[in-house]
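Working notes, beginning with the structure itself.
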There are 2 protein chains.
Amino acid sequence: MPKIVNHDQRRRELAAAVWQVIARDGVEGISIRSVAAASGWSSGALRHYFSTRADLLAFACEQVIDQVTERIQGLRHTGDPVKTVRAILLETMPVDETRRTESSIAFAFLALGLGDPELARVQRRHFTGMYELCLRLVQDLAERDALAQTGQDAETLARRMHAVVDGLTVHALAGHLTAEEMVTQLDAYLADLTGVERTE
Amino acid sequence: MPKIVNHDQRRRELAAAVWQVIARDGVEGISIRSVAAASGWSSGALRHYFSTRADLLAFACEQVIDQVTERIQGLRHTGDPVKTVRAILLETMPVDETRRTESSIAFAFLALGLGDPELARVQRRHFTGMYELCLRLVQDLAERDALAQTGQDAETLARRMHAVVDGLTVHALAGHLTAEEMVTQLDAYLADLTGVERTE
DNA sequence: TCGTTTTTTACACGGTCGTGCGAGAATCAG
DNA sequence: CTGATTCTCGCACGACCGTGTAAAAAACGA
């Protein structure tokens, strides 16, 4: 019997190297050689786990999505439903260096997906998942009578929550908002959503 | 006296070729040669108007921003302030094929800016301009008593408007929302912002 | 027509790209 | 140890990259 390595684990390790390169050099810095160097393996070794560059990118894209999803699902709900929503949403936003890197990677893939239908397909799943998360959060708030009355249905409020979160994320990534301003805006949005009077 | 060409005009023409390549092949397709081919000139001719690839990209990025800005400033205000706001915001969103291309170009540059400080600096201006536009719109609505009472100040509402617009734009570009859904969401947001009761 | 200056082309250079491939290193049952 | 199998490396290939440059083409005053 020959040497056997865990293919799934190695593929995840190589995906992490892709993220590292994106975080350091941006989308333009991704190449088989740069990823190989970042991972510590030779470029030839990469080919044993990904037959093409496109495969590598698709996997790395899927992985960053799964990673966020898993982390959110691991969060435990506290007593205050609004605080729970806040915590969950902040988990997907660039509040610290780690999450900022993660967000910029996800966003870099998004731009790549504009010119690559395969990547776009992968990302569609991600957006659907995020929307469904927002919908569940809104419905949960509604069941607890924690929503302001605006006459909008849950689907509309969920799509808007999703848009606010991603919009603020983009603005923070672009340096248009600081992390603090982003969080402040999220809190103001949640205050309006839940009908909390502002403590002037 | 020799042949003289309008440098500014030629540079804008070449920037348009950059957009064309981005729209067709995405960020990964941009190269001196591909842009040259798209413009109909030789790659050597490009160098008479842009000394480096980075210069070309920075100019093309700045141009797409200026183009949107100019188009917005050209809009005339109608009687209904809410309809005016709606029209202005839609002017920046991917409602049709032309504007969709424009938006995807802008976001492709945004991703490029994550790994290129010079491009990021250019884009900061763009975001500031868009925010200031939103602020003016919100203040105009406030002066006409067309805002719902939520206790939020104009700056907060402007940042949120900006986030909603860009968030919906990203979702539409990614194919997560259709253009129609995007417009519907914008209208729902404006209804809540202005306190209009929903005609169930 | 000629001369001057700008514009444009065509090509060369070194480098990096994705990918293919063959040789050897590593691993472990027998 | 032997052999079978997996893993890893390093290099080669053709293509494309950004950039530089020399020469041709174009335009127009003189």
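From a predicted model like this one, the values you see are computed outputs, not experimental measurements. Just so you know, these numbers use all the heavy atoms, side chains as well, and skip hydrogens, waters and symmetry mates.
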Salt bridge (Lys or Arg N to Asp or Glu O under 4.0 Å), paired with A/Glu62, selected from A/Arg12, A/Arg125, A/Arg124: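 Option passing the salt bridge (Lys or Arg N to Asp or Glu O under 4.0 Å) with A/Glu62: A/Arg125.
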
Heavy-atom nearest nucleotide on DNA chain D taken for B/Ser43 and for A/Tyr49; more 5' hit belongs to A/Tyr49

The nucleotide from C/dT19, D/dC7, C/dA12 with an atom nearest the side chain of A/Arg33 is C/dT19

Looking at B/Arg47 and D/dG18, is any side-chain donor or acceptor paired with a base atom of the opposite kind under 3.5 Å? no

- Query: Do B/Ser34 and B/Ser31 have side-chain N/O donor and acceptor atoms under 3.5 Å apart?
  - Reply: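 Side-chain D/A pair, B/Ser34 to B/Ser31: present.
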
If I take atom [atom1] in residue [X] and atom [atom2] in nucleotide [N], what distance separates them, rounded to the nearest angstrom?
X: A/Ile32; N: D/dA15; atom1: CD1; atom2: C1'; result: 16 Å
X: A/Phe50; N: C/dG20; atom1: CZ; atom2: P; result: 16 Å
X: A/Ile4; N: D/dA4; atom1: CD1; atom2: C1'; result: 12 Å
X: B/Asn6; N: D/dA27; atom1: CG; atom2: P; result: 16 Å
X: B/Leu46; N: C/dT9; atom1: CG; atom2: P; result: 10 Å
X: A/Arg53; N: D/dC16; atom1: CZ; atom2: P; result: 15 Å
X: B/Asp55; N: D/dG18; atom1: CG; atom2: C1'; result: 13 Å
X: A/Arg10; N: D/dC7; atom1: CZ; atom2: P; result: 9 Å

OP1 or OP2 of C/dT6 under 4.0 Å from side-chain N/O of B/His7
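No, B/His7 has no side-chain N/O under 4.0 Å of OP1/OP2 on C/dT6.
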
TODO: Taking only the side-chain nitrogens and oxygens of A/Ser31, find out if one of them lies under 4.0 Å from OP1 or OP2 of C/dC17.
DONE: yes

Side-chain touch A/Leu137/A/Thr84, heavy atoms, less than 4.5 angstrom
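No, every pair of side-chain atoms sits at 4.5 Å or beyond.
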
Relative to A/Trp41, does A/Arg10 satisfy both conditions: NZ or CZ under 6.0 angstrom from the six-membered ring centre, and within 45 degrees of the ring's axis? yes

